[in-house]
Amino acid sequence: YNFYIYFFFLGTYLLTKLLFPILVKSDDPRVIIVSSGGMLTQKLDLKDIQFEQMNPFDGTIAYAQTKRQQVITARLLARRYSEETHINFYSMHPGWADTPGVQTSMPAFYDRFHDKFRTVEQGADTIVWLAISKETPKDGNGGFFCDRRR
């Protein structure tokens with residue numbers, strides 16, 4: 001059960017912290033945390049953050065919860081570190097892109113809606129925009145983005 005919390009939440013946080021020494025040397029450092037629309041299906045359950053009480057365990061719910069945790073983490077990192085490090089933190093949802101992950105993790109959803117999905121390139125657009133664009137809104141630090149909008 002803890003795989004979800006370790007991989008999607010703590011792994012993201014640890015990697016970000018380990019990259020701080022490199023990021024602070026950059027002219028315009030940015031961290032983009034890629035979340036998922038799956039998070040929109042769940043509110044954050046602060047009483048069972050590690051899913052130890054979830055019985056039976058539901059991987060889809062755990063995934064949604066950890067993706068929501070990532071969005072909150074971007075906001076908290078921005079509040080805590082932006083002023084002293086000048087790093088901008090963003091989270092984003094790529095939209096429903098036609099990827100093997102969606103095909104295998106949600107086969108019924110995929111079968112029903114795949115003709116409406118985005119291409120991988122369309123899903124990556126906001127990620128790339130947040131990473132390199134000079135137009136990225138500075139007041140968006142800590143924000144959650146989709147389709148280049150907060």
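Checking side-chain atoms of Ser35 against main-chain N and O of Met92 turns up no donor-acceptor pair under 3.5 Å. In this structure a side-chain-to-backbone donor-acceptor pair under 3.5 Å is present from Asp48 to Met54. Looking only at distances, a side-chain donor or acceptor of Thr66 sits under 3.5 Å from a matching main-chain atom of Tyr63. Gln70 contributes a side-chain N or O that, together with a main-chain N or O of Phe8, makes up a donor-acceptor pair within less than 3.5 Å.
When ring centroids are compared, Phe117 and Phe109 come within the 6.0 Å threshold.
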Inset, instruction - Carefully, step by step, assess Thr85 and Leu23 under the rule side chain to side chain contact (heavy atoms under 4.5 Å, CB included). - result: CA-CA 8 Å; Thr85 65; Leu23 290 166; over 6 Å; no
Legend entry - Residue pair Tyr81, Lys17: steps toward the side chain to side chain contact (heavy atoms under 4.5 Å, CB included) verdict: CA-CA 10 Å; Tyr81 295 108; Lys17 289 291 288 181; 2.9 Å; yes
Inset, instruction - Starting from the C-alpha separation in whole Å, work towards a yes-or-no answer on side chain to side chain contact (heavy atoms under 4.5 Å, CB included) for Val24 and Ile87. - result: CA-CA 7 Å; Val24 296; Ile87 300 171; 4.1 Å; yes
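Nearest heavy-atom pair, Ala64 versus Gly38, reported as atom, atom and distance to 0.1 Å: CB-O, 3.1 Å. Nearest heavy-atom pair, Ala74 versus Ile33, reported as atom, atom and distance to 0.1 Å: CB-CD1, 4.0 Å. Across all their heavy atoms, Ser26 and Pro29 have their closest contact at O-CD, 3.6 Å.
Note on Val128 and Val120: separate hydrophobic clusters, where clusters join Ile, Leu, Val, Met, Phe, Trp and Tyr whose side-chain heavy atoms are under 4.5 Å apart, directly or indirectly. Under a hydrophobic-cluster definition in which Ile, Leu, Val, Met, Phe, Trp and Tyr are linked whenever side-chain heavy atoms come within less than 4.5 Å, directly or via other members, Phe57 and Phe7 are assigned to the same cluster. Both Trp129 and Val34 belong to a common hydrophobic cluster when Ile, Leu, Val, Met, Phe, Trp and Tyr are linked at side-chain heavy-atom distances under 4.5 angstrom. Criterion: ILVMFWY side-chain heavy atoms under 4.5 Å apart, direct or through other members. Under it, Met39 and Leu44 are not part of a common hydrophobic cluster.
Tyr13 is listed as a side-chain neighbour of Leu77, based on a closest heavy-atom distance under 4.5 Å. Side-chain contact between Trp96 and Phe113 is absent, with no heavy-atom pair separated by less than 4.5 Å. Counting only heavy atoms from C-beta outward, the side chains of Arg118 and Asp147 approach each other to under 4.5 Å. Residues Arg68 and Ile72 form a side-chain contact, since some pair of their non-hydrogen atoms from C-beta on lies under 4.5 Å apart.
In this structure, CD1 on Ile49 lies 12.5 Å from NZ on Lys47, to the nearest 0.5 angstrom. We find the CG-CZ distance between Leu130 and Phe89 to be 13.5 Å, quoted to the nearest 0.5 Å. The distance from atom CD of Gln69 to atom CG of Leu76, rounded to the nearest 0.5 Å, is 11.0 Å. To the nearest 0.5 Å, the span separating CD1 on Ile127 from OH on Tyr90 amounts to 14.5 Å. If you take CZ on Arg112 and CG on Asp115, they are separated by 11.0 Å, rounding to the nearest 0.5 Å. With values rounded to the nearest 0.5 angstrom, Asp98 atom CG is found 10.5 Å from Gln122 atom CD.
Tested against Leu14 for a side chain to side chain contact (heavy atoms under 4.5 Å, CB included), the candidates Thr12, Leu10, Leu18 yield a single pass: Leu18.
A 6.0 Å sphere centred on CD of Glu83 holds no more than 12 heavy atoms belonging to other residues, nucleotides or ligands.
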